[in-house]
Each structure stands twice: as C-alpha cells, then as structure tokens.
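Structure first, commentary second.
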Amino acid sequence: MRITSAEHLTQLQKEYQKEAAKFPRKILVCLGPGCLAAGSDRIYDAFLNHIAQRNIKGITVEAVKKTGCHGLCTQGPLVTIEPDGLFYTRIQAKGVPEIIEKTLEKNEVITKLLYSTPGKSQKIEKWADIPFYSHQMRIGLRNVGQIDPENIKDYVAVGGYQALAKALTMTPEQVISEVKTSGLRGRGGAGFPTGKKWETCRKVDSDIRYVICNGDEGDPGAFMDRCIMEGDPHSVLEGMIICAHAVGSISGYIYVREEYPLAILNLQKAIEAAREFGLLGKNILGSGLNFDIKISRGGGAFVCGESSALMRSVAGEVGEPRAKYIRSVIKGLHDKPTVLNNVESFATVPVIINEGGKKFASIGTPRSTGTKAFSLAGKINNTGLIEVPMGISLREIIFDIGGGIPDGRKFKAVQTGGPSGGCLPESKLDLPVDFDSLTEAGSMMGSGGMIIMDDRTCMVDVAKYFLGFLVEESCGKCVPCREGLYQLHALCVRITEGKGEPGDLELMEKLSKYIQLGSLCGLGQSGPNPFMSTLEHFREEYEAHINHKKCPAGVCRALIKYEIIDACTGCLACIPVCPVGAITGEKKKKHFINQAICDQCGSCYAVCQFDAIEVK
Amino acid sequence: MMHDLSKIEEIIDRSPKEPGALIAVLQDIQREFHYLPCEALTATSRALGVPLSKVFSVSTFYNAFSLTPRGEKIIRICQGTACHIKGAKLVQEQIESNLGIKAGETTKDMKYTIEVVNCVGACAMAPVIIVNNKYHGKVRCDQTRKLLGIK
Ligand SMILES: Cc1cc2nc3c(=O)[nH]c(=O)nc-3n(C[C@H](O)[C@H](O)[C@H](O)COP(=O)(O)O)c2cc1C
C-alpha cells in the first residue's frame with residue numbers, strides 16, 4: 001500500500017490506533033541486548049504459546065509485543081504490562097503461566113516480580129515511578145521499548161512520519177532554520193551544529209548530494225545507537241528523509257557495524273516497509289521528493305566511525321581518514337557533498353520538526369540543547385540505557401538514576417567519551433553534563449557511553465586498556481599515531497608490570513603532545529586522552545606503581561598477591577578454576593594458594609562466595 | 001582446502017559488479033565459509049575488476065575478515081570497556097585454558113575458534129561471551145565449560 005498524501009497518513013494513523021485499541025492490554029517483552037542475553041526470547045515465546053493455548057477473555061497473541069531496549073537492563077528480562085505500566089523484572093520462562101493466570105486473568109500483582117529499590121526496602125509497581133525512569137526525559141529514545149520495531153503500523157500509530165509530512169509542507173530553508181533554532185549538536189561525539197552542517201551542504205553546487213547515517217558505534221562501552229536502530233528504526237529513517245528534503249538528496253546510506261546483526265535486520269525490514277508505504281522511493285507522500293536508503297555494513301574497524309574513513313568504507317575501500325581541510329559536507333562520498341549524522345541525531349530530528357526548534361532549545365543548557373542518551377555500565381547498580389536533559393550533573397546520573405555503586409564499594413571514576421574521552425574523579429561529580437563542561441574537564445561527551453568504576457579499578461590499567469585498543473585500531477597512516485600510541489602503551493605496560501622508572505610519566509606526557517599534534521584524524525588527536533586524564537586526576541596511583549611497586553586497587557598482577565584467609569569454608573569452588581593449579585585443599589578445610597605457582601590472575605577471587613580471598 | 005566454488009560464484013553473481021561492492025561481497029563470503037578462502041579472493045578480484053592486491057588489503061584491514069579457516073563453534077569474547085573492568089580477561093584465560101588454544105586460534109579438530117571482539121554493545125550484562133551467535137551475560141569463570149558445552 002502506498003500513502004499518497006499527508007491526509008492519507010493521518011487517516012491511517014487513526015485506523016491503526018483503532019486497531020490497537022482492540023487490545024486494551026498489551027504485554028511488552030523487552031528484546032533489547034541486555035534482556036536478550038538473559039534469555040528474553042524464550043519469555044516471548046512462552047507468552048505466545050501459553051496465550052494461544054488458553055482462552056482468556058480480551059487477551060490474544062496480538063496483545064504480546066516484542067520491543068527494543070526498555071532501559072533497566074540489569075533487572076532483565078523485563079516485561080511491561082500496558083496501559084497499567086506494571087513492570088515485572090527478572091522473569092523466567094517458567095514463571096510466564098503464573099503471570100498469565102494471576103495478572104492477566106485475575107488482575108493480581110505478583111509482588112515477587114516487582115522492582116525493589118537497592119537495599120530491598122521498597123517494592124515499586126509501575127516503571128514510571130522507579131527513580132531510574134522518573135529522572136529521565138526521552139526524545140531520541142521516545143519509542144524504544146514502547147513499540148514493536150518490526151511493525152511500521154506501530155510507528156505510524158504513535159505519530160510516526162507526521163514530522164516528515166509536516167516538513168514536506170515547509171521549504172528546505174525553513175526545515176534547516178528550524179533545526180538551527182533547535183540548537184541540536186551532533187550526538188556522535190564532536191557536537192557540531194546539525195543545522196549548520198545541513199545548510200552548508202545545501203549551498204554547495206552539485207548534481208548529487210548524499211545523506212549518511214553513522215551507525216558504526218565503535219566506542220567500546222556504548223550501546224545507545226544500537227538500541228535505537230534495533231528498537232525504533234523508523235525514527236532514524238524519518239530523520240534521514242527530512243534531511244534529504246532539506247539538503248536536496250536522492251540517495252542515502254546507513255553505515256552499521258557488522259557486530260549488530262539485529263540492528264541491520266530491523267533497519268532492513270523498516271526500509272522495505274517504508275518503501276512499500278511510499279515513504280521511501282519516488283514521489284514520497286505525493287510531494288515529488290525522491291529518496292532511497294541503502295545499508296552499508298561495516299567491517300569491525302573503529303576508525304571507520306570517523307567521517308572520511310566511513311565514506312571510503314561505504315565506497316568499498318580501506319577506511320583510512322584523510323586530512324580535515326577537505327570537508328565532507330563539500331567533498332564527501334564519491335567526492336560529492338555529503339551530510340553525515342549520528343543515529344541519535346537523526347532520531348531526534350522528527351521531534352524538532354513536530355514540536356518546533358524553540359521547544360527543543362528550551363531543554364538543556366544554552367550551548368548544549370535538548371537531551372542526550374547514555375548507556376550506563378560498569379560498576380553501577382542500574383546498568384542500562386537512559387536519556388536525560390543536558391546540564392544534569394554526573395552525580396544525578398550515577399546516584400539517582402544509576403542507583404550508586406554495588407557491593408558497598410566506593411565510587412572512583414566515570415569514563416565518558418570512549419577511547420577519545422577520559423576518566424573523571426569524584427571531585428568532578430557535580431559537573432553539568434554538556435559538550436563544553438566535559439571537554440574542559442579533560443574528558444568529552446563522546447557518543448554517550450558511560451562506564452562507572454569503583455575502588456577496585458586500577459586507573460593505570462584502564463589507560464593501558466584504552467591505549468591497547470587504539471594501537472590495534474590505528475589505521476597506521478600517520479606515524480605519530482601508529483608508533484607514538486604503541487610506545488605510550490608499552491610504557492604503560494611497563495608501569496603495570498612494576499618496571500616503571502622515574503621520568504616515565506614526563507616522557508609519556510611529552511609523547512602525548514606529539515601524538516596529538518601530528519595525527520590527521522580524531523583517533524590520534526585524542527588518543528592520548530585516556531592516559532592524560534587519568535594522569536591528571538590520579539597521578540598518585542601512577543606514582544604508587546612506579547615508586548612503591550604497588551597497585552592500590554589490587555589489579556596489576558605483577559604487584560599483588562592473593563591469600564586465603566580464615567573465612568574460607570572449604571567449598572572447593574576455587575580449585576578447578578585456577579588455570580595453573582596453584583590451589584590445594586580438602587572439603588570443609590581451609591584451602592591454600594601455593595605462591596610459587598600462582599600467577600595472580602584472580603579467578604579464585606572472582607568465584608569465592610565467602611570473601612575468603614584477600615588481595616595484598 | 002577445496003571449496004564449493006559454485007557457492008562463491010552464487011554470492012558474486014548476486015552482487016553488483018562494481019568495485020564499491022567489494023566489502024559487501026567479502027562479508028557474504030565470510031558469512032558462508034567463516035573465512036575468506038584464497039579462491040574466493042581471486043574470483044572476487046576478477047568479477048569486480050579490483051586488483052587482487054586491493055582485495056587483499058581490504059581483507060586484512062577489517063577485523064571481521066579472516067584468511068584462515070575457523071572452527072564449527074565460534075566463541076567471541078567481548079573485551080569492551082565494561083567487560084574489561086568486570087573481568088573479561090579472566091573469562092578469556094579460562095576459556096583459553098579449557099580449550100588449550102589462545103584467542104585467534106582454532107582447535108586442531110576444527111571444532112572451536114576463540115575470537116576477541118572490541119564491544120558487542122551488551123555492556124549492561126558484562127562480561128559477555130557469544131557462542132555461535134547466542135549471547136551469554138554476566139559470565140563467571142567457573143561457568144565457561146558449561147557454556148562451551150564441554151566436560
Ligand atoms: C576515530 C573516530 C571514531 C568515530 N566513531 C563514531 C561512531 O562510531 N559513531 C558516530 O556517530 N560518530 C563517530 N565519530 C564522529 C564522526 O566522525 C562524525 O563526527 C559524526 O558521525 C557526525 O555526526 P553528528 O554530527 O550527528 O554527531 C568518530 C570520530 C572519530 C575520529
């Protein structure tokens with residue numbers, strides 16, 4: 001079926017809303033990456049099977065929906081029952097019949113499946129009342145976890161493609177001006193004003209222009225873009241089509257990393273459905289606009305997230321960046337003017353068009369408007385996907401939304417901006433989260449990965465980790481990046497092995513400056529950041545490694561020792577996991593680690609349930 | 001090793017015959033064989049009109065490609081930041097010792113390959129491993145044997 005006009009779209013929206021109203025109660029099963037890893041696909045199947053077998057008034061299989069990431073991954077698998085907003089956590093497939101019997105048939109709430117606040121003091125029934133959700137504000141993630149991403153009707157029913165219809169009644173200049181008014185800055189990391197980028201691209205004289213969506217999401221520790229592409233692919237398409245109208249493009253690409261097969265699949269389905277509905281292809285919504293989108297799969301190279309490397313990769317070449325003075329809005333893909341925006345940037349555009357740039361600009365801070373999605377991971381209670389207004393403090397994100405640090409441990413640092421970003425210590429927790437404040441503090445907004453670290457995380461090890469990542473991922477074109485990062489990493493390794501020498505840190509600082517100055521693209525220019533920021537905020541930790549040959553966090557193997565203390569119950573759990581066979585002991589008797597064999601890997605420490613192994 | 005050449009031809013036939021399709025074709029071949037056989041590289045070079053040297057350069061640049069055969073079960077260990085600080089290294093060492101091979105290697109009987117990947121975007125469930133496309137979250141080092149299906 002083709003939608004031929006804006007009126008036709010609105011008529012369909014009403015029709016789909018009516019259809020949906022036939023099933024007043026919906027069971028939403030989260031199939032986001034976190035819940036899926038906890039087996040939510042089996043929960044979904046169990047609901048379908050059990051409901052099909054029984055005859056319950058008002059509940060049919062159509063009422064069961066699979067959605068993208070709902071957010072609170074740590075509590076997964078998650079099931080929400082709408083419109084009540086009832087929220088069940090940590091569900092098992094064998095618990096599904098009970099939910100059907102009690103909650104769906106008899107309207108009873110099953111208390112044991114409810115969310116309980118850390119410390120188990122309070123049970124909360126509705127997801128919207130949980131602090132994790134109540135402090136959030138969702139724009140880019142508005143539909144993620146709420147609709148079935150594989151069904152275009154769901155998207156249309158919640159007002160999808162209305163922004164496109166509206167944009168098509170505006171001139172391209174008006175659309176660009178609305179985006180400029182919104183103050184939207186690119187969500188991919190650099191924070192370049194989106195409206196300005198579109199305007200420049202439109203003004204370049206050319207026979208063809210391209211629109212590309214950057215779904216490479218190479219930053220380790222980030223999964224926001226994945227959740228949008230998997231959970232609400234149509235919002236990305238809608239943003240791209242609006243952009244095509246604004247800049248005058250007929251051809252677009254979405255560059256998705258191969259590690260995200262479900263994102264590729266859902267985007268592909270969305271593109272096909274949009275073509276069928278006349279939302280992609282020729283004469284979109286009867287407006288005369290022609291535009292189509294192809295998916296280009298990445299090959300697992302971090303540097304391909306960089307604009308010029310990405311465009312080379314789309315063209316089937318090796319993804320090496322080029323010098324920045326040739327701007328890709330002027331000479332991008334196939335040397336034609338190209339707009340490249342991040343997934344979240346595009347997903348935000350429909351809201352800006354629908355509700356006006358002014359309203360978006362009123363959220364957040366004057367220089368960083370709107371909201372930003374983050375993924376919370378690491379040593380934090382509520383790992384998951386969130387979206388907050390810009391300007392909120394790190395403390396609110398980590399403690400109010402994130403629920404603080406687990407196991408009674410102490411907060412040590414938060415890492416933002418991936419390998420180009422840095423680690424911020426406790427003293428920076430009241431910093432507002434916006435593009436400029438984070439950069440000033442020596443980190444950066446980045447694409448939105450936030451990794452929380454506790455006092456058992458070694459900052460030298462973290463710097464070593466990121467440098468190792470960058471050494472692997474440097475494309476090798478610029479010598480300062482290829483060789484400089486290699487040396488920086490080698491020095492870091494030396495320090496963690498207890499072989500650091502006085503003067504190492506000064507040498508590393510000097511080297512960092514050369515790498516920053518001598519590299520073409522952001523990978524090298526910001527490559528030393530993880531080292532520089534940890535050195536700035538945790539210098540004493542580096543010095544402890546070098547001068548006292550100690551790793552205060554108890555991580556660096558050459559500098560620590562594991563010992564079994566009297567709390568040992570003799571449960572035998574640690575013996576088989578020791579890869580070098582260093583532990584001996586009998587049942588119900590205290591075990592013993594032979595220090596001559598032990599290589600300090602910490603496997604025993606990780607499996608001990610009784611805190612009977614100490615790090616010295 | 002000999003391969004079903006008709007499969008390679010089939011993949012190449014489906015694709016547009018232009019240099020821009022190079023990565024997509026190699027990805028499809030990789031998916032079929034779990035690596036890029038030598039015959040496939042030469043066939044792709046000829047069909048798309050791309051010099052073999054460039055096909056080689058692209059296939060060694062991207063991490064997703066392998067030029068050596070892989071095992072039946074591919075175990076991918078995530079080494080993203082969240083997984084790293086939650087002990088992915090321990091899980092990796094445990095799996096390496098379970099199978100007697102290092103990451104990047106394949107067991108002699110061609111049953112298992114261990115791969116290390118940068119981040120699979122399931123950070124909330126760190127540490128994560130993927131065994132033949134099935135995700136396992138919050139993996140502890142005493143569970144690896146079970147997850148690999150070995151005694
Ligand atoms: C090494 C490197 C990796 C990058 N990776 C990504 C990425 O994975 N996703 C992304 O959206 N932007 C990434 N960027 C930023 C892009 O170059 C570009 O600025 C962005 O996609 C533009 O979109 P935006 O203005 O909407 O943010 C990366 C940049 C560099 C230097």
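Reminder, nothing fancy here: chain letters follow the sequence lines and each chain counts from 1.
Interface remark: A/Phe302 contributes no atoms to any contact with chain B (heavy atom separation under 4.5 Å). Proximity to chain B (any heavy atom under 4.5 Å) is shown, for A/Ser313, by both the backbone and the side chain. A/Thr457 touches chain B through its side chain: at least one heavy atom from C-beta onward sits under 4.5 Å away, while N, CA, C and O do not. Heavy atoms of B/Arg76 lying under 4.5 Å from chain A belong exclusively to its side chain. In this structure, chain B has heavy atoms under 4.5 Å from both the backbone and the side chain of A/Ala38.
One distance of note links CG of B/Asp142 with SG of A/Cys608; it measures 11.0 Å at 0.5 Å rounding. Here the straight-line distance linking atom SG of A/Cys601 with atom CD of B/Gln92 works out to 12.5 Å at 0.5 Å rounding. Once rounded to the nearest 0.5 Å, the distance linking CD of A/Glu320 with OG of B/Ser57 reads 8.0 Å. Separation of atoms CG (B/Asp28) and CZ (A/Arg297) is listed at 5.0 Å; rounding is to 0.5 Å. Rounding to the nearest 0.5 angstrom, the gap separating the CD1 atom in A/Ile452 from the CD1 atom in B/Ile85 is 8.0 Å.
When each of B/Gly137, B/Gly87, B/Cys83, B/Cys141 is scored by its heavy-atom pairs under 4.5 Å with chain A, the top score falls to B/Cys141. For the set A/Cys304, A/Ala222, A/Gly221, the entry with the most heavy-atom pairs within less than 4.5 Å of chain B is A/Gly221. Highest contact tally toward chain B, considering only A/Val462, A/Asp461, A/Val314, is held by A/Asp461 [criterion: heavy-atom pairs under 4.5 Å]. Of the residues considered (A/Gln415, A/Glu217, A/Glu472, A/Glu473), A/Glu473 shows the highest number of contacts with chain B, using heavy-atom pairs under 4.5 Å. No other option in A/Gly319, A/Gly418, A/Gly476, A/Pro579 has as many heavy-atom pairs under 4.5 Å with chain B as A/Gly319. Chain A forms the most heavy-atom pairs under 4.5 Å with one residue out of B/Ala21, B/Ala64, B/Ala24, and that residue is B/Ala64.
Salt bridge A/Arg557/B/Glu93: present, at least one basic N to carboxylate O contact under 4.0 Å.
Remark: the backbone N or O of B/Val120 is not paired with any side-chain donor or acceptor of A/Arg257 at under 3.5 angstrom. Side-chain N or O atoms of A/Glu317 include none that pairs as donor or acceptor with a backbone N or O of B/Val58 at under 3.5 Å. For B/Lys86 (side chain) and A/Gly378 (main-chain N/O), a donor-acceptor pair under 3.5 Å exists by modelled atom type. The backbone N or O of B/Thr81 sits less than 3.5 Å from a side-chain atom of A/Tyr465, completing a donor-acceptor pair.
Taking each heavy atom of A/Ser603 and B/Gln94 in turn, the nearest pair found is OG-NE2, 3.7 Å. When all heavy atoms of B/Phe61 and A/Ala301 are compared, the pair lying nearest together is CE2-CB, 4.0 Å.
Here the side chains of A/Glu259 and B/Asn118 are not in contact, with every heavy-atom distance at 4.5 Å or above. Two residues are said to be in side-chain contact when any heavy atoms from C-beta on lie closer than 4.5 Å; B/Tyr135 and A/Asp41 fail this criterion. Between B/Cys123 and A/Thr383 there is no side-chain heavy-atom pair separated by less than 4.5 Å.
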